[in-house]
Protein chains: 2
Amino acid sequence: MTISTEELFMDLDRSGPIPLYYQIARRMQEAIERGDLAPGSRIENELKLAEHLAISRPTIRRAIQELVDQGLLVRRRGVGTQVVRGRLTRSVELTSLYDDLSISNRSPTTKVLLHEEMRPSAEILESLTLPADATVLHIKRLRFSDGVPFALLENYLPPEFLTLTAEQFEKHGLYQLMRARGTTMRVARQTIGARVGTAEEAQLFDQKPGSPVLVMSRTLFDQSGHAVEFGEHSYRPDLYSFEVTLVEK
Amino acid sequence: MTISTEELFMDLDRSGPIPLYYQIARRMQEAIERGDLAPGSRIENELKLAEHLAISRPTIRRAIQELVDQGLLVRRRGVGTQVVRGRLTRSVELTSLYDDLSISNRSPTTKVLLHEEMRPSAEILESLTLPADATVLHIKRLRFSDGVPFALLENYLPPEFLTLTAEQFEKHGLYQLMRARGTTMRVARQTIGARVGTAEEAQLFDQKPGSPVLVMSRTLFDQSGHAVEFGEHSYRPDLYSFEVTLVEK
DNA sequence: GTATTCCTAATGATAGGACAAAGGGACATG
DNA sequence: CATGTCCCTTTGTCCTATCATTAGGAATAC
């Protein structure tokens, strides 16, 4: 029943900057994804795990909690902790589309269709919590995967990003540029829906007029709670979809 | 700068079954939603909060973490914890559509279009991790909000739910029925996309043929990691959308 | 035999302490 | 005046410890 975990968790780096609970969580995650921890199998109980790894129970609990939050493990009081049975899917995280594609070796490219300063609408002002006389950067980009256009990205950025150039947006993802300027993203609120594509979208996506598009609008907040992006994106639905993992608390 | 928190957190129930951290988290959430904790304001530091509430730091930390996970607060080491600036939106949680609508007083009704035992396709068998000779319950429901049809719900349930009747599905949501039978939902994996609606969908949703639909497919797992539902849902996109809150770890 | 009660094993909640790391401002120094 | 250094504040990590609650099986009573 209980699988051997001894070898898997040796060589924890206790001096480096990476937290112990994080090191353990990553190793368990890899073990599950490799199949070393079979779906449905129970993992050792928390006290024994703590003893074997020579760490405290709160630390191993925190590591386990990470994987529970990812939907890889399920805990039951009085019983134990089990690996969820079922295929693995990577869930939506706070990474950009560009990062996602780069990771899966899809060679994303970007064409900037519009790059202007503007006085935004009241709705966008409110989303970004800016004063009424503020100027924002308005950009519109077409994103390609292996040369095929599949996403139209329209974004509004607060004044501190006015200096970003069209050339930079051709070469880098928005989040890369934000990170490079010291902005740390923390929270994003997204709404996902669908509608009939506009004439522009149909033409750009090489689809018939009246074809559906998947749409997502997002407000992104940085580490101090300020809104740093408002975006309205549309996707060719046969080439893109969202994955979400939900965990009951 | 720092707001008064004293009055807000009196009368904690230390003997009842509701955890302290949860009571505190709820009160802070209500305070934020009421506006008593203004967007952008810093809350008291953890040590002082713990002292004022006469609880330990781990407990107040856990309460704060709840709200960070909900995207209501942001923490920064060396600085403090702040309320996120920006409108509030309720995020997707592991509740059913029926529950969502009930809560918002929308009087959902359901019409069962199909209710049959069947031998599922290989894809569904794999999603539910069932043996090849298993029989499942296949249901197809049309969901109305205030009399307007807006969602077509097709579900496949493992053998233990074969006894659920069409009448039950007319009166109750799927998750209500599952809960009543002792099943506790824990993890759901969803894919959200869009496509052209089928002829059936166009007719049921009272839309023109070729209109777009928002689609969601979901596999749901219970507390022991078993798959207990596979569903493919489609929604009238002008009447329904998904909200997601993402938090950087 | 069946139902109830009890026990055990496991996770859940809470406490309290110690030290580390990072942000930001004050201060000193070039 | 600009730049670097130190220090204080605050959250991050990790520890030990204790009791509560639950699930499930074992033992018991009827």
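Side chains included, hydrogens not; waters and symmetry mates left out as well; all remaining heavy atoms used. Just so it is clear: chains get the letters A, B, ... in the order the sequence lines come, proteins before strands, and each one is counted from 1.
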Check: Could you give the distance from CZ (R61(A)) to CG (L49(A)), rounded to the nearest 0.5 Å?
Finding: 12.5 Å

When you check the phosphate oxygens OP1 and OP2 of [N], does a side-chain N or O of [X] lie under 4.0 Å from one of them?
X	N	value
T59(A)	dC15(D)	yes
Y21(A)	dT13(D)	yes
R61(B)	dG12(D)	yes
T81(A)	dA10(C)	no

Check: Is a salt bridge present between R26(B) and E33(B), judged by a nitrogen-to-oxygen distance below 4.0 Å?
Finding: no

Check: Quick one: is the NZ or CZ of R62(B) closer than 6.0 Å to the six-membered ring centre of Y21(B), and within 45° of its axis?
Finding: yes

For the pair made of [atom1] in [X] and [atom2] in [N], what is the distance, rounded to whole Å?
X	N	atom1	atom2	result
R76(A)	dG24(D)	CZ	C1'	10 Å
D13(B)	dA13(C)	CG	C1'	14 Å
R75(A)	dA10(C)	CZ	C1'	11 Å
R77(B)	dA21(C)	CZ	C1'	4 Å
E46(A)	dT22(D)	CD	C1'	14 Å
I60(B)	dG12(D)	CD1	C1'	16 Å
I18(A)	dA21(C)	CD1	P	13 Å
Q65(A)	dA10(C)	CD	P	19 Å

Next item on the list: Can you see which heavy atom on P158(B) is nearest to which on E229(B), and at what distance?
Entry: CD-N, 4.4 Å

Item checked: Exercise: identify the closest heavy-atom pair between T183(B) and Q223(B) -> C-OE1, 4.4 Å

Next item on the list: Check every atom of dT18(D), dC14(D), dT14(C) against the side chain of P19(B) and return the nucleotide holding the closest atom.
Entry: dT14(C)

Notebook entry, point to check: Heavy atoms under 4.0 Å, any strand shown: does P58(B) hit a base, just sugar-phosphate, or nothing?
Noted result: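 P58(B): base contact, heavy atoms under 4.0 Å.
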
Checklist line | Touch class at under 4.0 angstrom, heavy-atom based, for S56(A) against every strand present | finding: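 If one applies the 4.0 Å heavy-atom cut-off, S56(A) turns out to touch a base.
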
Checklist line | Donor/acceptor link under 3.5 angstrom from R62(A) side chain onto base of dG12(D) | finding: no

